Engineer: 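Pasting in a structure now, in structure tokens, and then I'll have a few things to ask.
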Protein chains: 2
Amino acid sequence: MGNRLMKISKEDYLEAILICTKKFGACRVTDVAAQLGHSKASVSVALSKLEAEGLVIKDDWRILLSDSGKAFAEKILERHIFFLKWFEHIGIDDKTAKEDACLIEHAISDATFEKILIYLKKLDKEL
Amino acid sequence: MGNRLMKISKEDYLEAILICTKKFGACRVTDVAAQLGHSKASVSVALSKLEAEGLVIKDDWRILLSDSGKAFAEKILERHIFFLKWFEHIGIDDKTAKEDACLIEHAISDATFEKILIYLKKLDKEL
DNA sequence: ATCAATGGTTAGTATATGCTAACATTCGTT
DNA sequence: AACGAATGTTAGCATATACTAACCATTGAT
């Protein structure tokens with residue numbers, strides 16, 4: 001099945017860990033579950049897989065991002081914030097802007113994101 | 001599981017049917033399989049489900065889109081073409097542009113797509 | 001008429017998620 | 001110390017896809 005959903009799911013977890021860490025200083029399974037609206041059990045299993053892939057480190061109850069996991073997470077979060085701001089800037093309501101940013105952040109390649117950034121910044125001084 | 005992948009998958013099938021129909025005049029299971037790079041078996045099963053949902057009509061070997069299925073397909077194809085053109089316009093190579101368009105076409109809400117269209121057309125006369 | 005190729009379906013399998021239930025552990029309160 | 005709440009894990013289940021293998025039906029060529 002889905003390489004695509006696999007990718008989305010993985011990136012969502014990494015991003016959620018980064019967000020929770022920023023928000024609370026540290027990140028636990030429970031925090032990620034709340035952040036994503038998933039059960040603790042699902043998160044526990046998913047994070048074990050991400051740990052096996054070397055993207056996450058579990059230190060007792062503490063969920064940490066490895067260097068590569070952190071790089072991923074920051075990339076996704078940057079895109080999330082960018083699209084969220086852009087969508088709000090062009091008049092999309094907050095809820096839709098957030099939902100769409102949450103999906104699009106996973107869909108864009110590095111190359112395309114960079115070009116979009118450059119293009120929009122050139123055209124629209126307010127961004 | 002995934003509503004997201006479910007949505008992506010469904011939309012990909014509808015879009016593929018539309019593309020094959022435009023390309024060949026009619027659309028068969030084999031055409032959709034070739035278009036998407038899936039096995040005939042997978043396509044056969046998937047299309048039966050879409051038929052049960054009322055999005056597709058199977059008339060002997062002929063795969064047709066219902067009105068609602070066609071509306072979906074045309075919406076996705078329109079977005080695909082738009083993003084493809086935009087990405088190529090801002091200097092992204094064809095392969096990446098196509099890949100990204102294929103993903104983003106599923107990620108954007110109606111509201112956001114409309115606003116992006118308006119916004120970009122206002123800013124960039126060449127589009 | 002026969003046999004191979006083409007097209008479509010069904011059955012069984014594999015993978016990726018997610019969920020609930022049940023359980024172990026730890027912590028806080030009384 | 002004891003009990004209940006919170007946290008995390010495991011086991012078992014459900015769903016959504018996709019695949020291969022096997023099979024049926026139609027078509028076309030010899």
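Every chain is numbered from 1 and lettered A, B, ... according to where its sequence line falls, protein lines coming before strand lines. This is a predicted model, so every value here is computed, not measured.
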Engineer: Is a side-chain N or O of B:Thr21 found less than 3.5 angstrom from the main chain of B:Ile17, in a donor-acceptor match?
Structural biologist: yes

Engineer: Select base, sugar-phosphate, or nothing to describe what B:Ser39 touches, counting heavy atoms under 4.0 Å on all strands.
Structural biologist: base

Engineer: Expressed as a whole number of angstroms, how long is the span from A:Asp12:CG to C:dT17:C1'?
Structural biologist: 12 Å

Engineer: Rounded to whole Å, how long is the line connecting atom CG of A:Leu50 with atom P of C:dA16?
Structural biologist: 12 Å

Engineer: Any side-chain N or O of A:Tyr13 under 4.0 Å from OP1/OP2 of C:dG18?
Structural biologist: yes

Engineer: With rounding to the nearest 0.5 Å, note down the distance linking CG in A:Leu14 to CD1 in A:Ile19.
Structural biologist: 11.0 Å

Engineer: Indicate, with a heavy-atom threshold strictly under 4.0 Å, whether B:Ser42 touches base, sugar-phosphate, or nothing.
Structural biologist: base

Engineer: C:dA24 C1' sits how many Å from A:Lys40 NZ, rounded?
Structural biologist: 11 Å

Engineer: Would you check if A:Tyr13 and A:His38 make a side-chain contact, meaning some heavy-atom pair closer than 4.5 Å?
Structural biologist: yes

Engineer: Could you pick out which residue, B:Ser44 or A:Ala46, lies toward the 5' side of DNA chain C when each is mapped onto its nearest nucleotide?
Structural biologist: B:Ser44

Engineer: What's the CD1-C1' distance between B:Ile8 and D:dA16, to the nearest Å?
Structural biologist: 13 Å

Engineer: Report the distance from atom NZ of B:Lys10 to atom C1' of D:dA16, rounded to the nearest whole Å.
Structural biologist: 12 Å

Engineer: For B:Ala41 and for B:Lys49, find the nucleotide of DNA chain D with the closest heavy atom, then tell me which residue's nucleotide is more 5'.
Structural biologist: B:Lys49

Engineer: In whole Å, what is the span from the CG atom of A:Leu36 to the P atom of C:dC19?
Structural biologist: 10 Å

Engineer: Between C:dG7, D:dT7, D:dA18, which one does the side chain of B:Arg28 approach most closely?
Structural biologist: C:dG7

Engineer: Considering only side-chain heavy atoms of B:Val29, which listed nucleotide, C:dG8, D:dT9, C:dG18, is closest?
Structural biologist: C:dG8

Engineer: Between B:Arg62 (CZ) and C:dG8 (C1'), how many Å, whole number?
Structural biologist: 15 Å

Engineer: Ignoring backbone atoms, test whether A:Ser9 places a side-chain nitrogen or oxygen under 4.0 Å from the OP1 or OP2 oxygen of C:dG18.
Structural biologist: yes

Engineer: Quickly work out the B:Lys58 NZ to C:dG7 P distance and round it to whole Å.
Structural biologist: 16 Å

Engineer: Answer whether the closest heavy-atom distance between the side chains of A:Phe87 and A:Asp93 falls below 4.5 Å.
Structural biologist: no

Engineer: Count the heavy atoms of every other residue, nucleotide or ligand shown that sit under 6.0 Å from NZ of B:Lys58, and state whether that count exceeds 12.
Structural biologist: yes

Engineer: Would one find a side-chain N or O of A:Thr30 under 4.0 angstrom from OP1 or OP2 of D:dG8?
Structural biologist: yes

